[in-house]
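Step one of this worksheet: look at the structure below.
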Amino acid sequence: MKLLIADSFPSSHVEALKHSGHTVTVDPALDADALPDAILDHEILIVRSTKVTAATFDRASALKLVIRAGAGTNTIDKAYATQKDISVCNVPGANSRAVAELVLGLIIAIDRHIADNVADSRSGIWNKKRYSVARGLAGQKIGILGLGAIGFAVAERAKAFGMDVHALAKPGRSSAAEHRITSSGIVQLDSQDELLATCDIVTLHMPAAENTRKMVNRDFLARMKDGAILINTSRGELVDEEALIDAMNSRGIRAGLDVYSNEPAAGDNVFQSEIASHPSVYATHHIGASTEQAQTAVADGVLAIVEAYCTGNLINRVN
């Protein structure tokens, strides 16, 4: 098979693909505009953050499979891929631990003002009185919207800190999922309004879709507690950033954000963002899944999809 990897990918796994007899081209510099000219006669395309548009599918002469090295597939035009009889597969759950670690890191950092501590220390400022004020995590109520692999990973870690974990009751969950919820001590609430009014921290773990875009709007934020914390490590499209800025200015809401509506596609770029630079936001650079452990697990999942495809099987197909 001819494979094109249009993002960074572990060299060990590239060599494993070559050792299996595949012809592999790796070009991390490719973006949505350059990808159509590069796709040529490659049969399998592997991407992380690179957008795959209709133009790429139109220019592909042999493409049969696109693999998203991660969970979310909103950067791939799945509907058009289906029209072209091209399969799209992903690697769900492999990066859940890494994202959950960042979620808890952001919560701790916000509660203990860690970034501000560091900034002042580096500027030669000592302000123990200011930074000695923190609530602590034990007993705080955290609401998880999106109880998939990442949501469960967050719940487990939050429980270890003594937090009370809440999620929404959802009809049709499997008995295995319900058992995991019960055994994890997660409290299920009947409505999002009840969750927002109850929880001191709300963390988002949902894909970008028609029913989730700007779900964190003025109405959503009005139902959160004054001074509550919002965490978003999912997709920037979930948040109405203007509404969040107003809520932070007027009601003391704080936020830990790893994703933004206008974040750069390239790894190194200029980023001018009113919300990322807001003093009530702890902003990171879309690094939720960016640990060595997570990237190795994702790459293992990609190789498993390629191997299955070569034997006539498709795993984790999303279209």
message: Both conditions, 6.0 Å and 45 degrees, for the charged tip of Arg180 above the ring of Phe152: are they met here?
response: yes

task: Taking Gln140 for its side chain and Gly136 for its backbone only, find out whether a donor-acceptor pair lies under 3.5 Å.
output: yes

Phe161, CZ: over 12 other non-hydrogen atoms inside 6.0 angstrom: no

query: With sequence neighbours left out, what residues match Arg251 under side chain to side chain contact (heavy atoms under 4.5 Å, CB included)?
result: Asp226, Ile253

message: Less than 3.5 Å apart, any donor N or O on the side chain of Asp41 or Ser61 sitting next to an acceptor on the other?
response: no

task: Quick one: closest heavy-atom pair of His205 and Ile150, and the distance?
output: ND1-CG2, 3.4 Å

- line: Applying ring-ring contact (aromatic ring centres under 6.0 Å, His included) to Tyr260 and not counting sequence neighbours gives Phe271

message: When you measure from the side chain of Asn232 to the backbone of Arg235, do you find a donor-acceptor pair of N or O atoms at a distance under 3.5 Å?
response: yes

message: Within a 6.0 Å radius of atom NZ on Lys214, are there more than 12 heavy atoms belonging to other residues, nucleotides or ligands?
response: no

query: Do Asn249 and His278 have side-chain atoms, one donor and one acceptor, less than 3.5 Å apart?
result: yes

message: Are more than 12 heavy atoms, taken from residues, nucleotides or ligands other than His22, located less than 6.0 Å from that residue's NE2 atom?
response: yes

query: Looking just at side-chain N and O atoms, do Gln293 and Glu101 make a donor-acceptor pair shorter than 3.5 Å?
result: no

- request: Could you tell me whether Arg213 atom CZ has more than 12 heavy atoms of other residues or ligands within 6.0 Å of it?
  value: yes

field: Thr284 (side chain) donor-acceptor with Ile287 (main chain) under 3.5 angstrom
entry: no

task: Scan side-chain atoms only and decide if Asn319 and Tyr80 contain a donor-acceptor pair under the 3.5 Å cut-off.
output: no

task: Determine the minimum heavy-atom distance between Ser277 and Glu274, stating which atoms define it.
output: OG-O, 3.2 Å

message: Looking at Lys51, I'd like to know if its NZ atom is crowded, meaning that more than 12 non-hydrogen atoms belonging to other residues, nucleotides or ligands lie closer than 6.0 Å.
response: no

- prompt: Between the side chains of Thr73 and Asn90, is a donor N or O closer than 3.5 angstrom to an acceptor N or O?
  reply: no

query: Is a side-chain donor or acceptor of Asp7 paired with a backbone partner of Thr50 at a separation under 3.5 angstrom?
result: yes

message: Is it true that, when you exclude Arg254 itself, more than 12 heavy atoms of the residues, nucleotides or ligands shown sit nearer than 6.0 Å to its CZ?
response: yes

statement: salt bridge (charged side-chain N to carboxylate O under 4.0 Å, His left out) pairs touching residues 67-87, sequence neighbours excluded, are Asp58-Lys84

Nearest heavy-atom neighbours spanning Gly93 and Ala149: CA-CB, 3.9 Å

message: Which heavy atom of Ser290 sits nearest to which heavy atom of Arg48, and what is that distance?
response: OG-NH2, 4.2 Å

query: Is a side-chain N or O of Thr56 found less than 3.5 angstrom from the main chain of Val52, in a donor-acceptor match?
result: no

- line: Between Arg317 and Cys89 the two heavy atoms that sit nearest each other are CA-SG, 3.7 Å

message: Whether Asp240 and Arg218 form a salt bridge (side-chain N of Lys/Arg under 4.0 Å from carboxylate O of Asp/Glu) is what I want to check.
response: no

- request: Write down the atom of His13, the atom of Thr296, and the distance for their closest heavy-atom approach.
  value: NE2-O, 3.9 Å

Salt bridge Asp200-Lys141, side-chain N to carboxylate O under 4.0 Å: no

query: Quick check: does any side chain N or O of Thr212 sit under 3.5 Å from a backbone N or O of Met215, one acting as donor and the other as acceptor?
result: no

